[in-house]
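Position 1 is the first residue of the sequence, and the numbers go up from there.
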Amino acid sequence: MRIFVTGATGYIGSAVVQELIDAGYKVIGLTRSEEGAKKLENVGAEALMGTLEDTECLCKGASMAEGVIHMAFRHDFSDFAGSLAIDLNVINAIGETLIDTGKPFMTTAHANGDASDKATLALAERGVRSAVISLAPSVHSDADSHGFIPQLIGIARSKGVSAYVEEGANRWPAVHRLDAAKLFRLAIEKAPAGSYFTGRGEEGIPFREIASTIGKHLNVPVVSISREEANAHFGFLGALAALDIPNLMPGNSARTKEILGWNPVQPGLIADLDQGHYFNK
């Protein structure tokens, strides 16, 4: 069984590709560079050169495969609306190729309840076994170099303190990268048409605990700051650092585990931080 994967050389996508290959699947990975093509070929995947704007290429990849996992996203936060528009166009193009095939089509949630999610789920009424996967905001591992956790570590290093907002009781869900990859593979195999799954290995870790662990490893003070100080301290992460994400994005992974048989087995976020690799980069 061949699976077409967009974002196949990305942080999570590359783990999904490896998970699929290890499970016996053949993978066609979308990449826009020769370097990316070599990475895919080195792990035993087939490379398809193209971009998210190249709908002809996307449709070709979808038509060559028995299932699709769409993970690529243009991370341009200066034009997030434009990034979401490109994502919707990708889903519509691939979706049209899969109409009435019964093939699985898994996409990644990027904004709570956005048009891309709705378009994916609507394909279930048109003969596509479509599903949306919403991962925890922190997808951690020893390969994480650009996510929220490395950025928090960088801020703590530069400021000389590891901060949390007010009491620091607000929670962040987390999932290990390898557990997330397994979730996508299980979804390809088992997800019912029109389903929405949450992928959280941990439903909510108090932000103060994250800040305290970072402070311990950097040997810097751990301090509370006010909401008014958060933006100046954390920059664009200021609002996120104060959010209680389970309240903002309700739901948990119990249904995911029950229906897909997903069982996260990798270290949790604090245990992953305590391994030290985040602080040696």
Side-chain angles (χ1 to χ4, degrees), residues 7-19 21-22 29 31 33 35-36 38-40 42-45 71-73 75 77 108 135-165 168 170-184 199-225 230-243 245 264-281:
T9 60
Y11 169 58
I12 305 173
S14 59
V16 171
V17 168
Q18 191 64 61
E19 171 73 24
I21 289 173
D22 289 347
T31 181
S33 70
E35 180 185 1
K38 288 178 181 176
K39 287 181 180 178
L40 288 168
N42 286 342
V43 298
M71 305 200 72
F73 189 76
H75 291 282
F77 293 104
T108 307
L135 295 177
S138 176
V139 182
H140 57 92
S141 77
D142 59 4
D144 183 11
S145 58
H146 299 292
F148 291 136
I149 297 301
Q151 293 180 64
L152 290 175
I153 291 170
I155 292 167
R157 275 200 175 108
S158 66
K159 301 283 186 177
V161 297
S162 182
Y164 55 90
V165 178
N170 59 297
R171 299 160 296 162
W172 274 22
V175 65
H176 195 281
R177 172 177 175 252
L178 299 183
D179 285 325
K182 185 176 182 180
L183 173 53
F184 276 93
R200 298 174 180 175
E202 296 171 284
E203 299 295 341
I205 306 157
F207 194 88
R208 181 173 181 168
E209 187 175 354
I210 298 170
S212 296
T213 306
I214 290 172
K216 176 183 70 175
H217 283 274
L218 293 180
N219 196 28
V220 299
V222 180
V223 301
S224 170
I225 61 175
N231 286 340
H233 183 87
F234 289 108
F236 83 96
L237 284 176
L240 190 60
L243 288 181
I245 294 173
V265 297
Q266 300 297 326
L269 175 57
I270 300 303
D272 206 4
L273 283 166
D274 280 338
Q275 290 181 4
H277 54 79
Y278 271 105
F279 305 95
N280 299 323
K281 298 173 183 177

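Taking 4.5 Å as the limit, some side-chain heavy atom of Thr213 sits within range of a side-chain heavy atom of His217. Counting heavy atoms from C-beta outward, Leu152 and Trp172 have side chains that approach closer than 4.5 Å. A 4.5 Å side-chain heavy-atom check between Ile270 and Glu209 finds at least one atom pair inside the cut-off. Residues Leu40 and Thr9 have side chains in contact (heavy-atom distance under 4.5 Å, counting atoms from C-beta outward). Using a 4.5 Å heavy-atom threshold, the side chains of Tyr164 and Pro206 count as separate. Inter-residue side-chain proximity for Phe234 and Leu240 is flagged as unmet; no heavy-atom pair is nearer than 4.5 Å. Annotation: side chain of Leu183 is not in contact with side chain of Val175 (no heavy-atom distance under 4.5 Å). Within the 4.5 Å cutoff, the side chain of Arg177 has heavy atoms near those of the Ser14 side chain.
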*Tell me, with the steps shown, if Gln18 and Leu178 meet side chain to side chain contact (heavy atoms under 4.5 Å, CB included).*
CA-CA 10 Å; Gln18 191 64 61; Leu178 299 183; over 6 Å; no
*Trace of the side chain to side chain contact (heavy atoms under 4.5 Å, CB included) decision for Leu273 with His140*: CA-CA 9 Å; Leu273 283 166; His140 57 92; over 6 Å; no
*Would you please test Ser138 and Leu269 for side chain to side chain contact (heavy atoms under 4.5 Å, CB included) and show each step?*
CA-CA 8 Å; Ser138 176; Leu269 175 57; 4.2 Å; yes
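Here the CG atom belonging to Asp272 is positioned 3.5 Å from the NE2 atom belonging to His277, to the nearest 0.5 angstrom. Atom NE2 of residue His233 and atom OG of residue Ser162 lie 7.0 Å apart, to the nearest 0.5 angstrom.
The two residues Asp179 and Gln266 come nearest to each other via the heavy atoms OD2-N, 3.1 Å. Nearest heavy-atom pair across Ala211 and Val222 is O-CG2, 3.9 Å. Of all heavy-atom pairs spanning Val17 and Ala45, the tightest one is CG1-CB, 4.2 Å. Heavy-atom minimum distance, Asn170 versus Ala241: ND2-O, 2.9 Å. Taking all atoms of both residues into account, the shortest heavy-atom contact from Phe279 to Arg157 is O-NH2, 2.9 Å. Summarising the geometry of Glu19 relative to Ala181, their closest heavy-atom pair is CG-O, 3.7 Å, with the distance given to 0.1 Å.
Lys38 pairs by the salt bridge (charged side-chain N to carboxylate O under 4.0 Å, His left out) definition with nothing, not counting sequence neighbours.
Around the CG atom of Asn280, the shell of radius 6.0 Å holds more than 12 heavy atoms that belong to other residues, nucleotides or ligands.
Within the 3.5 Å criterion, the main-chain N or O of Gly147 finds no donor-acceptor partner in the side chain of Tyr11. Remark: side-chain polar atoms of Glu203 are not paired, donor with acceptor, to backbone N or O of Pro173 under 3.5 angstrom. Without hydrogens or angle criteria, Tyr278 side chain to Ser145 main chain gives no donor-acceptor distance under 3.5 Å.
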